[in-house]
Amino acid sequence: MKDKEFINKAFNKAIKTYIEAKEKPNSLLYNSFLVVTIRVLALIYGKTDILNPYYLDNSVVFFQNLSKYGVASADIALFKEELLAFYEFDLVNAKRKIKLQNPHFKNVLKYLIDMFVAKKKNGKVSFNDEEKFLELIYTTHTKNAYRISYAYLNLEDVMYTEKYYYSKLNEMDMTRELDLDKTIRTKLNLDALNAIGVNLTNLENMSVKDIEKAKNEAYNYFEVDPSSATSEDELNEKLNYYKMYGKKVTSGNGYVDILLLMSVIVTSFSVLAIIIFNII
C-alpha cells in the first residue's frame, strides 16, 4: 500500500500488521492489542468491510461500515481517538524500564464491546461468534497466554471487560422488557413467566394475545387471582418462596395456602430477629 497513513498512525499500523501476521496465528504480533482490535472488528463487521476500505484508502466507507449496526458516529470518532491515544502511550511506555498501565486499553475494549452488543441487538450474532468474541476480548474465555498476561498488566480488575460486557447485555434485556411492557400496556412479571418456561426471547416472538394468555397461565400456576387488588403482592410472596425452595406454596386449599404463606413470613422475621440479636 502507498505510504499515506490510513485514518491515523494507530489504524494504519494495526491493519498493516494484521495483514502481515494473519498467517501466524500463534505469534506475538497476531496477538498484540492493535491486531486483536482489527480481529474483533473483522469478527463484528466481516473482513471485507474492514480490509476493503484500507486497500481502497477510503476512510469514509470504513466508518460507515462501523456504524451499520447503529453505533453513533460520535462514538466511532471517540473510538478512533482512543486507539490513537493507546498507540502513542504504548510507544512511550516501551521506552520505560518500569511499564505503566495503558489507560486507553480498557476504553478501546469498551467501544469494541458496544459495537458487538449493537450487532447482537440486531439479532445477527451466532453462539459461535459470541464465543469467539469473548475469547478475543480479554475475558476469562481468553486462552492465549500473551493476551491473558497483557490483560493483567493493563487492568486493575481483570474481570472488567467481562463485567462491562454483561452489564451492556443486561441493559439490552431491560430495553426489550420495556418495549414489551409498552406493547401489551400491562405489567409483566418475568420471574413468574420464567417459572412456566417463557422468557424474553419467547415473548418477542409472541402475539399480544399469546402474551396475555401466558401472563394468565403464570398467575394460574401460582394460584393467584389476577383480578384481585392484592394480586401483585400475593404473586411476589409466592415467587419468593418458589425462589427459595424451588416449589410453589400451595396445598390445594386457599385457606391453608394463606397459613403457609404466613408461616413463611413469620419464619423470615424470626431468622432476621436471630441475626440481629446475635449482632447485638
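The model shown is predicted, which means the values in this text are computed figures rather than measured ones.
Side-chain atoms of Leu34 and Tyr18, non-hydrogen and from C-beta on, never get closer than 4.5 Å to each other. Side chains of Lys24 and Leu29 form no contact here, defined as non-hydrogen atoms less than 4.5 Å apart. Contact annotation: the side chain of Leu136 approaches that of Arg147 to within less than 4.5 Å [non-hydrogen atoms, C-beta and beyond]. Thr139 is not listed as a side-chain neighbour of Phe133, based on a closest heavy-atom distance of 4.5 Å or more. With a 4.5 Å cut-off on side-chain heavy atoms, Ile7 and Phe63 count as touching.
Here the CE-CG distance, from Met115 to Leu66, works out to 5.0 Å after rounding to the nearest 0.5 Å. Rounded to the nearest 0.5 Å, atoms NZ (Lys120) and CD1 (Ile44) are 12.0 Å apart. Leu41 contributes atom CG, which lies 4.5 Å from atom CD1 of Ile50 (distance to the nearest 0.5 angstrom). The line from OH of Tyr219 to NZ of Lys238 is 12.5 Å long, rounded to the nearest 0.5 Å. Asp90 contributes atom CG, which lies 7.5 Å from atom CG of Asn154 (distance to the nearest 0.5 angstrom). Here the CG atom belonging to Asp57 is positioned 13.0 Å from the CG atom belonging to Asn52, to the nearest 0.5 angstrom.
Connection of Leu51 to Phe79 is established within a shared hydrophobic cluster, with ILVMFWY side chains joined at heavy-atom distances below 4.5 Å, either directly or through further cluster members. In the hydrophobic clustering of this structure, Val35 does not group with Ile148; members are Ile, Leu, Val, Met, Phe, Trp, Tyr whose side-chain heavy atoms approach within less than 4.5 Å, directly or through other members. Grouping the Ile, Leu, Val, Met, Phe, Trp and Tyr side chains by contacts below 4.5 angstrom, directly or via other members, places Leu155 with Leu83. Tracing side-chain contacts under 4.5 Å through hydrophobic residues (I, L, V, M, F, W, Y), one reaches Val108 starting from Leu91; they form part of the same cluster. Residue Tyr55 is grouped with residue Ile15 when hydrophobic side chains (ILVMFWY) are merged at heavy-atom distances under 4.5 angstrom, including chains of intermediate members.
Formation of a donor-acceptor pair under 3.5 Å by the Asn93 side chain with backbone atoms of Leu100 is found in this model. Listed for the Glu130 side chain is no donor-acceptor partner under 3.5 Å among the backbone atoms of Val125. Between the side chain of Asn122 and the backbone N or O of Tyr69 there is at least one donor-acceptor pair closer than 3.5 Å. Side chain of Lys143 to backbone of His141: a donor-acceptor contact under 3.5 angstrom is found. Looking at Thr142, its side chain does come within 3.5 Å of a backbone N or O of Glu135 through a donor-acceptor pair.
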Item to check | Worked verdict on Tyr54 versus Phe11 for ring pair (Phe, Tyr, Trp, His ring centres under 6.0 Å) | outcome: CA-CA 9 Å; Tyr54 172 79; Phe11 271 100; over 10 Å; no
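When only modelled atom types and interatomic distance are considered, Tyr164 and Asp114 share a side-chain donor-acceptor pair under 3.5 Å.
The local environment of NZ in Lys106 is sparse, with at most 12 non-hydrogen atoms from other residues, nucleotides or ligands closer than 6.0 Å. Atom NZ of Lys68 has more than 12 heavy atoms from other residues, nucleotides or ligands within 6.0 Å.
We find that Lys9 and Glu88 are not joined by a salt bridge, their nearest charged nitrogen and carboxylate oxygen being 4.0 Å or further apart.
For the ring pair (Phe, Tyr, Trp, His ring centres under 6.0 Å) with Phe105, the qualifying choice from Tyr87, Tyr150, Tyr111 is Tyr150, the only one to do so.
Ring geometry for Phe62 against Phe6 counts as perpendicular: the plane angle is over 60°, on a 0 to 90° scale with 30° as the lower cut.
The heavy-atom pair separating Ala118 from Val71 by the smallest distance is CB-CG2, 3.8 Å. Between Ala21 and Tyr30, the closest heavy-atom pair is O-CD1, 3.5 Å.
Centroid-to-centroid, the aromatic rings of Tyr138 and Tyr160 stay 6.0 Å apart or farther.
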